[in-house]
Undergrad: 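One structure, as structure tokens, below. Some questions next.
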Amino acid sequence: MPARFPLILTPTPLHRLERASVDLGVDLWIKRDDLTGFAMGGNKGRKLEYLLADIIEQKAEAVVTCGAAQSNFVRQLGAACAYVGIECHAVVMGLPFEDAPPAEKGLSDQGGNIRLDEILGVKLRRVPDDTWESLYAQAEDLALALEAEGKRVYRIPVGGSSPLGAYGFFRAANELQGQLSNIDAIFFASSSGSTHTGLLMGLRHNRTRVIGVASDPEPEIAEDFAALGRGLAELLRTPPPNASSYELDFNFVGPGYGIPSAEGNQALEYLARREGIFLDPIYSAKAFACLRARAPEFAGKRVVFWHTGGTPALFA
Ligand SMILES: *Cc1c(COP(=O)(O)O)cnc(C)c1O
């Protein structure tokens, strides 16, 4: 099985949301991956434990990734690289898009995660907003340029979603099962797919429904997720999931990827005011909005909300 480089504090806490359980009519629990104890928390720490072990194994001198300016992954990767003394490069756009730029504005590209990246010494290359394809191409250009300088480069896909990243969440599913049983459904924010893939594979012998709440409006991502599933299945030597086994709810993306939604903002205030817990506006708030809206489907059932972190974006 893949080697692990310890970065985070596990198990992360799991506790009941007493007041929200009453409000929503479900037995509601929260898995606190906002409290991974590393670089201000978040789900990326779980992926990075396996990615970093591989980065070290490959004797890389620089890592190259890309994402949105307010990427939570770039922040956590930057901290992991700082911890082991490896250069971290990230090509970022304020808001990458699929086909056309969105009508509404996203978060600021100042403050929040950007400020933390600067403190960490991440080598950020900011480029004008364009498509995801263009972002990937510019990250590859940078990787090639570093290689031309003689550096050993490790490329990391957006959000750390490689099979090794997904393996981190496969382990997280086991961690949850050690904390609570008879779970009817898990809700979480889903974007680059390794959280979803890992949880789905980790709970595949279980009746628990694994419900990802999409942060991106593109239904085709189910295919990318299935490809990630094949990679993880190869690592685990088990049969892969097919695209149709992914339960993805696209109804809470709002105006688009990286743009807060009205329902998400309401969910964010609700959880803060009822339970004293902060969500982030781009991922976890939209996921919690979905859980709130769909709670009647799970009346009296045991539901876990997996908090994936992202709270530094509140300061963007
Ligand atoms: C990256 C991220 C997600 C999505 O996780 P994926 O594994 O990329 O699907 C959800 N929530 C937050 C806060 C994130 O930073």
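Just so it is clear, the model here is predicted, and its values are computed rather than measured. Both counts, for ligands and for their atoms, begin at 1 and track the order of listing. Basis for what follows: all heavy atoms, side chains included, without hydrogens, waters or symmetry-related copies.
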Undergrad: Among all the protein's non-hydrogen atoms, which is closest to atom 9 (O) of ligand 1, and how far away is it?
TA: Ser191 N, 2.7 Å
Undergrad: Nearest to atom 6 (P) of ligand 1 by heavy atom, Arg46, Lys47, His196: which?
TA: Lys47
Undergrad: If you count the atoms of ligand 1 from 1 in the order shown, which ones are under 4.0 Å from a heavy atom of Asn72?
TA: 13 (C), 14 (C), 15 (O)
Undergrad: Please indicate whether any nitrogen or oxygen in Asp280 is less than 3.5 Å from any nitrogen or oxygen in ligand 1.
TA: no
Undergrad: Return the orientation label for the Phe288 and Tyr270 ring planes: parallel under 30°, perpendicular over 60°, tilted otherwise.
TA: parallel
Undergrad: Just need the protein heavy atom nearest to atom 11 (N) of ligand 1, so name the residue and atom and give the distance.
TA: Thr308 OG1, 2.6 Å
Undergrad: Okay, side chain of Glu61, backbone of Lys151: is any donor-acceptor separation there less than 3.5 Å?
TA: no
Undergrad: Taking Thr197 for the side chain and Gly193 for the main chain, is one N or O donor matched with an acceptor at less than 3.5 Å?
TA: yes
Undergrad: Which atoms of ligand 1 have any heavy atom of Ser194 under 4.0 Å away?
TA: 7 (O)
Undergrad: With a 4.0 Å cut-off on heavy atoms, does Ser284 reach ligand 1?
TA: no
Undergrad: Can you tell me if Gly42 has a non-hydrogen atom under 4.0 Å from ligand 1?
TA: no
Undergrad: More than 12 foreign heavy atoms under 6.0 Å from CD of Glu147: is that the case here?
TA: yes
Undergrad: Which residue holds the protein heavy atom closest to atom 1 (C) of ligand 1, what is that atom called, and what is the gap in Å?
TA: Lys44 NZ, 1.5 Å
Undergrad: May I ask you to check if ligand 1 and Ser192 share an N or O to N or O distance below 3.5 Å?
TA: yes
Undergrad: In ligand 1, which numbered atoms sit nearer than 4.0 Å to a non-hydrogen atom of Thr195?
TA: 5 (O), 6 (P), 7 (O)
Undergrad: List ligand 1 atoms under 4.0 Å from Ser190, heavy atoms only on the residue side.
TA: 9 (O)
Undergrad: Which protein non-hydrogen atom lies closest to atom 5 (O) of ligand 1, naming both residue and atom, and how far is it?
TA: Asn43 ND2, 3.0 Å
Undergrad: Counting C-beta onward and ignoring hydrogens, is there a side-chain heavy-atom pair between Asp99 and Thr131 closer than 4.5 Å?
TA: no
Undergrad: Please tell me whether Phe187 and Phe298 form a close aromatic pair, meaning their ring centres lie under 6.0 Å apart.
TA: yes
Undergrad: With the threshold set at under 4.0 angstrom, would you say Gly159 reaches ligand 1 through any of its heavy atoms?
TA: no
Undergrad: Measure the acute angle between the ring planes of Tyr167 and Phe170, then classify it against the limits of 30° and 60° as parallel, tilted or perpendicular.
TA: parallel
Undergrad: Judged by atom type as modelled, is there a donor-acceptor pair below 3.5 Å linking the side chain of Ser108 to the main-chain atoms of Gln110?
TA: yes
Undergrad: Please confirm whether Gly309 comes within less than 3.5 Å of ligand 1 when only nitrogen or oxygen atoms on both sides are compared.
TA: no
Undergrad: Arg230 side chain to Pro240 main-chain N or O, any donor-acceptor pair under 3.5 Å?
TA: no
Undergrad: Which atoms of ligand 1 have any heavy atom of Gly310 under 4.0 Å away?
TA: 13 (C)
Undergrad: Checking Asn251 against Cys290 for the side chain to side chain contact (heavy atoms under 4.5 Å, CB included) test, could you report, in this order, the C-alpha distance in whole Å, the side-chain angles of both residues, the deciding distance, and whether it holds?
TA: CA-CA 8 Å; Asn251 295 317; Cys290 176; over 6 Å; no
